[in-house]
Every structure is written in C-alpha cells, then in structure tokens.
Enquirer: 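First the structure, which I've put down as structure tokens, then a few questions once you've had a look.
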Amino acid sequence: MMELITFPALRRMAVCGGTHGNEMSGVYLVPELERQRKEKGDGIWPIPLTTVLSNPQAIKQCKRYVDKDLNRCFTSAILSSPITDSTPYEVRRAQELNSLLGPKQTSDAVDMICDLHNTTANMGLTVICYSHTSWICLHIFKYLQAKITTVPVRLFLLNIPICDAYSLESVSKFGISLEVGPQPQGVVRADIFNAMKEGVNGILDWVKNFNSGEVIEGGDVEAFMFEKSVDYPRDPETKTPIAAIHPQLQDRDFCLLKRGDPMFLTFSGETVRYEEEEALHPVFINEAAYYEKGIAFHLAKRQNCTIPSIQAKKV
C-alpha cells in the first residue's frame, strides 16, 4: 500500500483558452466563465480563478499562431531569452504570460493552469500532463474519468523534464491540458464545447474536494505514454506527402496498432502497413495542425500507473 502524500491546499488557478487562436472551444469557454463570474460573483468557484485568452492576435485572425506556435514557447530557455525587435510575437506573449501566471519553477507561480485545446483528431477528452508522478494531475484525471460519461476520458503522458516542458500549463506548479475533439479548426461544435465545459467544471469540483481536507483515495489509472511520432510517406525529392491516413485507421485514436495493420493509403492506391514488432497506440491521428510539423500521428505505450492517496495539508 502506498503512503498518504500531503500537498498544500490549492490557492490560485488559471483557465486559459485560445493558446491556439483557431481552437474555438476554449476561445468561447473563457468568456463564458467570465460571464458566470460577473453574474454570480467570485464565490462560485472554490479558489480565485484567473481567466486568460492566451493568444489574442491569433484569436483575432482565427489562426493557430501569428509568428510561432505559442504552445512551444514555454521552455525555460525561451522564457529567459532577451527580447529584440525581431523577437516573434508569440515569444513576447509567452514571456508576458510567464510574468502573469509564473514565473515558471518558482513558488510565486499559480498552483494550477488548465489550458484548453481542441484537436481535429477523434480523441474525446484527453488529459495531457508532463509526468507520471504528477499526483495531483493524475488524481484529477481519475476523477474526470469517473464523472464524465458523455465522451471517453483518457490520459496522455509526455514525461519531459519541467525546464524543457514547452506548453503553457508547465508555467504552473500543477499544469494540466484538456485536449477535446474531434473539432475542425475555426469551428465550434456544441458537443465538444460541452465536453470541455464539463471537464473544467469537474476540475473545479475536484479542487473543492481536495481543499476541504478529505483524503483523496489512490488507485490505478491507465495512461498512454508518448513513445515517438510517425510522419507521412513523402516524395524523396519534393518532400510532399504521397499518402493519407488509411481509412481503417482514421478516427481510431488510442486503438492498438499491430504489425501488418494498415497505416496509410498512397494516392496511387497502395496500402502502407505498420511494420514494427511492438504494438503501440496511435494518438492525434491526422491532426490538421501537425501537417506542418511532419507528424501523421504519435505512438504511445499503454501502461498502468499506481497513484497514492493524497490530502491537503491543514493550515
């Protein structure tokens, strides 16, 4: 039996939307949270909540980003880089957000950032966090998975050292990203918006339970650990894709991909099959934003994580 681990109560939280300006659920959910606050007052939430539209210029243009992907600008190196006339807009904005919500890896950083994202892939509600020992994030996932029945709820782990963690939520002490899809870029779907809203409300409920001092029981959770990325087959000379995701793989995020299974269908009609010995789980299949990054999908390994019981320290 794992021991009980105590943490300080959570005192400050931020919910951020529009880190990518064309992922519309967060772009609309942040103003909705602000409307609720205006109507009912700050007391509707268990802790003070900062609401942020992270990338206002990209939101205005309904683009993922203006100069550079903002959600790759939060490494310690980029956050400490000098600003010059040629500094990309998103690097400036990342440093502003770090001042507002951080500084990263300091005791002044907000306790939790929940960053809101959409994917064009069929991933339901996916909780993304950086470490398999981030107990608070794993407990939140466990709670959401038990509470939410409208969409599948899964956990995707990156396991990157926090100084190299590149996304906005890594600025906080306990960062969590909600990735909800499928939803096209620049579009808001009511079902996907509601799944995200349910996720945020669930996190706030969990924080209330945790801060009350009750013991949050541990247990086992299923996680998908990032292993590697797979690119599209490309023309050796022009480097352009010569295949699309195979119809038998499309929309089957988190399925088990085994040796011999179809991966791609070339534009000339040939099937490209998975040839690795180890069966793995594809995620972010055919994500629109990843074409420019040379990624057709990520592959992840499924594993069980045992998480300890936790409790907020008595003040």
Side-chain angles (χ1 to χ4, degrees), residues 19-25 55 58 61-73 75 88 90 117-126 128 152 154-160 164-167 177 179-187 189 192 223-302:
T19 302
H20 294 133
N22 57 5
E23 295 178 6
M24 304 310 289
S25 298
N55 196 336
Q61 297 177 42
C62 198
K63 288 166 65 176
R64 182 176 172 89
Y65 56 82
V66 179
D67 295 325
K68 184 181 170 75
D69 190 335
L70 177 60
N71 218 35
R72 302 296 181 271
C73 290
T75 62
E90 276 83 3
H117 289 270
N118 290 120
T119 172
T120 61
N122 187 25
M123 288 176 61
L125 193 158
T126 301
I128 301 177
R154 300 184 185 94
L155 176 65
F156 184 52
L157 291 176
L158 293 167
N159 257 20
I160 296 171
D164 298 329
Y166 46 73
S167 53
S177 177
E179 188 79 56
V180 193
Q183 180 169 279
Q185 296 175 343
V187 168
R189 282 178 49 159
I192 300 298
F224 293 86
M225 183 79 75
F226 172 79
E227 286 279 311
K228 58 185 172 184
S229 303
V230 176
D231 192 6
Y232 294 91
R234 292 179 183 271
D235 182 290
E237 285 173 23
T238 64
K239 306 299 183 200
T240 53
I242 55 167
I245 296 290
H246 196 282
Q248 287 177 34
L249 183 59
Q250 180 63 50
D251 299 326
R252 294 189 60 227
D253 297 76
F254 297 98
C255 71
L256 187 63
L257 189 64
K258 302 189 293 292
R259 187 182 173 95
D261 288 348
M263 281 197 304
F264 300 104
L265 188 63
T266 67
F267 301 134
S268 60
E270 290 153 12
T271 295
V272 179
R273 298 181 184 276
Y274 182 65
E275 291 180 352
E276 307 270 334
E277 285 296 334
E278 186 180 21
L280 292 169
H281 298 264
V283 296
F284 285 101
I285 297 172
N286 207 5
E287 163 59 52
Y290 287 179
Y291 275 71
E292 68 174 26
K293 298 180 192 296
I295 298 170
F297 50 85
H298 295 316
L299 285 171
K301 186 183 283 191
R302 189 169 72 173

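Positions are given from 1, in the same order as the sequence printed here. Treat the numbers as computed from the prediction; the structure is a model and nothing was measured. Only heavy atoms go into these numbers, but all of them, side chains included; no hydrogens, no water, no symmetry mates.
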Enquirer: Establish, from distance only, whether the side-chain atoms of Asn118 and His20 form a donor-acceptor pair under 3.5 Å.
Expert: no

Enquirer: Run the numbers on Glu179 and His117 for side-chain hydrogen bond (donor to acceptor under 3.5 Å, both in side chains), then give the verdict.
Expert: CA-CA 5 Å; Glu179 188 79 56; His117 289 270; 4.8 Å; no

Enquirer: If you take all heavy atoms of Pro262 and Thr271, which pair is closest and at what distance?
Expert: CB-CG2, 3.8 Å

Enquirer: Mark yes or no for whether Glu90, through its side chain, and Val66, through its backbone, hold a donor-acceptor pair below 3.5 Å.
Expert: yes

Enquirer: Side chains of Asp69 and Lys293: closer than 4.5 Å at any heavy-atom pair?
Expert: yes

Enquirer: Is there a side-chain contact (heavy atoms from CB on, under 4.5 Å) between Leu280 and Leu257 once you walk through the steps?
Expert: CA-CA 5 Å; Leu280 292 169; Leu257 189 64; 5.7 Å; no

Enquirer: Does any N or O in the side chain of Glu287 come within less than 3.5 Å of the main-chain N or O of Thr120, such that one atom is a donor and the other an acceptor?
Expert: yes

Enquirer: Provide the closest heavy-atom pair for Cys62 versus Met24 in the form atom of the first, atom of the second, distance.
Expert: SG-SD, 4.2 Å

Enquirer: Are any of the side-chain heavy atoms of Leu256 and His281 separated by less than 4.5 Å?
Expert: yes

Enquirer: Taking the six-membered ring for Trp and the single ring otherwise, decide whether the centroids of Tyr291 and Tyr232 are under 6.0 Å apart.
Expert: yes

Enquirer: Answer whether the closest heavy-atom distance between the side chains of Cys255 and Leu249 falls below 4.5 Å.
Expert: yes

Enquirer: If we ignore hydrogens and angles and just use 3.5 Å, is the side chain of Asp253 paired with the main-chain N or O of Asn122 as donor and acceptor?
Expert: yes

Enquirer: How many angstroms lie between CD1 in Ile160 and OG in Ser167, if you round to the nearest 0.5 Å?
Expert: 7.5 Å

Enquirer: Please state whether the rings of His298 and Phe284 are parallel, tilted or perpendicular, taking 30° and 60° as the class boundaries.
Expert: perpendicular

Enquirer: As an exercise, state the distance from CD of Glu23 to OG1 of Thr119, rounded to the nearest 0.5 Å.
Expert: 7.5 Å

Enquirer: Compare all side-chain heavy atoms of Thr266 with those of Val272 and state whether any distance is below 4.5 angstrom.
Expert: yes

Enquirer: Other residues, nucleotides and ligands only: do more than 12 of their heavy atoms fall within 6.0 Å of CD on Glu292?
Expert: yes

Enquirer: Using a 4.5 Å cut-off on heavy atoms from C-beta on, say whether the side chain of Leu158 contacts that of Tyr166.
Expert: yes

Enquirer: Evaluate side-chain contact (heavy atoms from CB on, under 4.5 Å) for Val283 paired with Phe226, printing each intermediate quantity in order.
Expert: CA-CA 9 Å; Val283 296; Phe226 172 79; over 6 Å; no

Enquirer: Could you give the distance from CD (Glu227) to CG (Leu299), rounded to the nearest 0.5 Å?
Expert: 8.5 Å

Enquirer: Mind checking whether Met263 and Pro233 have side chains closer than 4.5 Å, heavy atoms only?
Expert: no

Enquirer: Counting C-beta onward and ignoring hydrogens, is there a side-chain heavy-atom pair between Phe264 and Ile245 closer than 4.5 Å?
Expert: yes

Enquirer: I need the minimum non-hydrogen distance between Gln185 and Ala289, along with the two atoms involved.
Expert: NE2-N, 3.5 Å

Enquirer: What's the separation between atom CD1 in Ile242 and atom CZ in Arg234, rounded to the nearest 0.5 Å?
Expert: 10.0 Å

Enquirer: What is the distance from atom NE2 of His246 to atom CG of Asp261, rounded to the nearest 0.5 Å?
Expert: 10.5 Å

Enquirer: Do you know which two heavy atoms are closest between Arg189 and Pro184, and how far apart they sit?
Expert: CD-CD, 4.3 Å

Enquirer: How close do Val187 and Gln183 get, heavy atom to heavy atom, and via which atoms?
Expert: O-NE2, 2.8 Å

Enquirer: Calculate, to the nearest 0.5 Å, the distance between atoms OG and CD1 belonging to Ser229 and Ile295 respectively.
Expert: 4.0 Å

Enquirer: If you draw a 6.0 Å radius around CZ in Arg252, do more than 12 non-hydrogen atoms from other residues or ligands fall strictly inside?
Expert: no

Enquirer: Any idea which heavy atoms bring Phe156 and Ala300 closest together, and the distance?
Expert: CE1-CB, 3.9 Å

Enquirer: Angle between ring planes, Phe254 versus Phe224, binned at 30° and 60°: parallel, tilted or perpendicular?
Expert: perpendicular

Enquirer: With a 4.5 Å limit on heavy-atom distance, are the side chains of Asn22 and Lys63 in contact?
Expert: no

